[in-house]
Amino acid sequence: EWSTSWSAPTPGATNGEASSTASGGLASSLAVARPAGAVTSCSTASYAPLRVGSWNIQNFGNAKAGRPAVMATIGGIAARYDVLSVQELSQVPTAPGSCSVDGTTGAAACSLLAALNTAAAPRTFALAASPRACSVDSCTADSYNEQYMAVWDTAKIELVASAVYPDPDGEYERDPWAVHLRELASGIEFALLAIHTPPSAAEAEVLTMGAVLDWAAASLSDNVLLVGDYNADGSYVDEGTVWPALFGETYGDSTLGDAFLQVVDNSVDTTVAASSNTYDRVIISASLQSGSVAAGGGAGEVFAFDQELDL
């Protein structure tokens, strides 16, 4: 989980739960701060932090959605956040869903939104979902693919647009998906991207994320968060070598590591399994780091709901 608070610019100024039991995984979040250097001057106004979360609700479909106790738990966990990215919606939408702002969801996603709004009342959340997340080669009738979702507190956030990473070289099995959001109080915009790598290709996909970050910064917003289930640990990814390799890439006149940061420490367990692995990660624009709860101390937080809720 990741939280952020932004200060408003003066007139004329320029401008993270990871994987689970009943739900699928732990929830990771961060608190985000106003981008450093993004304004030439700031008023003294400040705003409550935004809590941004990411959660792989493992194989979320009608089976989980049909269990009221499970859905009440999921809704209560999701209500901790102002913005939440969800991976692994497995139900294939057979018709447009009225609960989604873009009409791409099935009943399970609508059940999640209803449970969230019940748990969060009187706050109200909205939902958007990606197209089915699969590459040209993997998008077959019998292949396993999924959707990404994002939910947000409508009193604090509005949706500007959504977009799928074009993946020109076919490097992703499930193409990353972004929601371009605006914080209402400050007017600050940011791009929240979701990714779920397949274990067999996790390291290869992580090492190509520079292109995804560049696309989001150029096409959507300078303020980027790339969250999700990277499967970036254990036998899938050598975390000791992959991050130096990724962030050492040339980016503009410097390196990717000068523009972006990975803020979930390698020692953090983001699963509810007996083993300890940091599968779930958050990469953010460096401009977001200075005022976030991750600043100075490094890592975002993991909400271990299985322990916190005694599940």
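Side chains included, hydrogens not; waters and symmetry mates left out as well; all remaining heavy atoms used.
Looking at Lys64, its side chain never comes within 3.5 Å of a backbone N or O of Ala108 through a donor-acceptor pair. Proximity of a side-chain donor or acceptor of Arg80 to a complementary backbone N or O of Arg51 within less than 3.5 Å is not detected. Although no hydrogens or angles enter the test, the distance criterion places no donor-acceptor pair under 3.5 Å between the side chain of Gln262 and the main chain of Ile283. Remark: the backbone N or O of Thr208 is paired with a side-chain donor or acceptor of Tyr172 at under 3.5 angstrom. Between the side chain of Thr124 and the backbone N or O of Thr154 there is no donor-acceptor pair closer than 3.5 Å. Side-chain atoms of Glu189 never come within 3.5 Å of backbone atoms of His180 as a donor-acceptor pair (strictly under, hydrogens ignored). Side chain of Asn117 to main chain of Ala114: no donor-acceptor pair is present (N/O by atom type, distance under 3.5 Å, no hydrogens or angles).
For the pair Arg174 and Ile195, the tightest heavy-atom approach, listed with the atom from each and the gap, is O-CD1, 3.8 Å. Taking each heavy atom of Leu159 and Ala128 in turn, the nearest pair found is CD2-CB, 4.4 Å. Here the shortest heavy-atom pairing between Pro131 and Val164 reads CD-CG2, 3.7 Å. Contact between Phe125 and Asp82 at its shortest, heavy atoms only, is CE2-O, 3.8 Å. Listed here is the closest heavy atom pair of Glu158 and Trp152: CA-NE1, 4.3 Å. The shortest non-hydrogen separation linking Gln147 to Ala129 is NE2-CB, 3.8 Å.
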Task: Worked check of side chain to side chain contact (heavy atoms under 4.5 Å, CB included) between Phe260 and Met209 - done: CA-CA 11 Å; Phe260 298 95; Met209 286 180 178; over 6 Å; no

TODO: Could you walk me through whether Asn56 and Tyr279 pass side chain to side chain contact (heavy atoms under 4.5 Å, CB included), step by step?
DONE: CA-CA 10 Å; Asn56 178 340; Tyr279 289 146; over 6 Å; no

- [ ] Would you check, one step at a time, whether the test side chain to side chain contact (heavy atoms under 4.5 Å, CB included) holds for Asp280 with Val264?
- [x] CA-CA 8 Å; Asp280 303 83; Val264 179; over 6 Å; no

Open item on the list: Would Ser285 and Asn223 count as a side chain to side chain donor-acceptor pair (under 3.5 Å) here? Give the steps.
Closed with: CA-CA 6 Å; Ser285 298; Asn223 306 312; 5.4 Å; no

- [ ] Start with the C-alpha gap between Ser90 and Glu88, add the side-chain angles, then the distance that decides, and say whether side chain to side chain donor-acceptor pair (under 3.5 Å) holds.
- [x] CA-CA 6 Å; Ser90 58; Glu88 210 164 326; over 6 Å; no

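Contact of the Leu112 side chain with the Phe60 side chain is registered, since non-hydrogen atoms from C-beta on lie closer than 4.5 Å. Contact annotation: the side chain of Leu193 approaches that of Trp215 to within less than 4.5 Å [non-hydrogen atoms, C-beta and beyond]. Contact of the Ile157 side chain with the Leu50 side chain is registered, since non-hydrogen atoms from C-beta on lie closer than 4.5 Å. Contact check for Trp55 versus Ile77: side-chain heavy atoms found under the 4.5 Å cut-off. Counting heavy atoms from C-beta on, the side chains of Leu207 and Val242 come closer than 4.5 Å. Annotation: side chain of Thr255 is not in contact with side chain of Thr250 (no heavy-atom distance under 4.5 Å).
Atoms CG and CG, from Leu256 and Leu261 in turn, are 9.5 Å apart once rounded to the nearest 0.5 Å. Between the CD atom of Glu249 and the CG atom of Asp214 there is a distance of 10.5 Å, given to the nearest 0.5 Å. The distance from atom NZ of Lys156 to atom OG of Ser186, rounded to the nearest 0.5 Å, is 12.0 Å. Expressed to the nearest 0.5 Å, how far OH of Tyr165 lies from CD of Glu171 amounts to 6.0 Å. To the nearest 0.5 Å, atom CG of residue Leu246 and atom OG1 of residue Thr241 are 11.0 Å apart. Of the inter-residue distances, the one linking Asp229 atom CG with Ser85 atom OG reads 10.5 Å to the nearest 0.5 angstrom.
Under the side chain to side chain donor-acceptor pair (under 3.5 Å) test applied with His196, the options Glu146, Glu173, Gln87, Glu205 reduce to a single match, Glu146. For the side-chain contact (heavy atoms from CB on, under 4.5 Å) test with Leu84, the passing option among Ile57, Leu127, Asp153, Val151 is Val151; the others fail. Arg281 pairs in a side chain to side chain donor-acceptor pair (under 3.5 Å) with only one of the listed residues (Asn266, Asn231, Asp233), which is Asn266.
Relative ring orientation between Trp177 and Tyr148 is described as parallel, the plane-to-plane angle staying below 30° on a 0-90° scale split at 30° and 60°.
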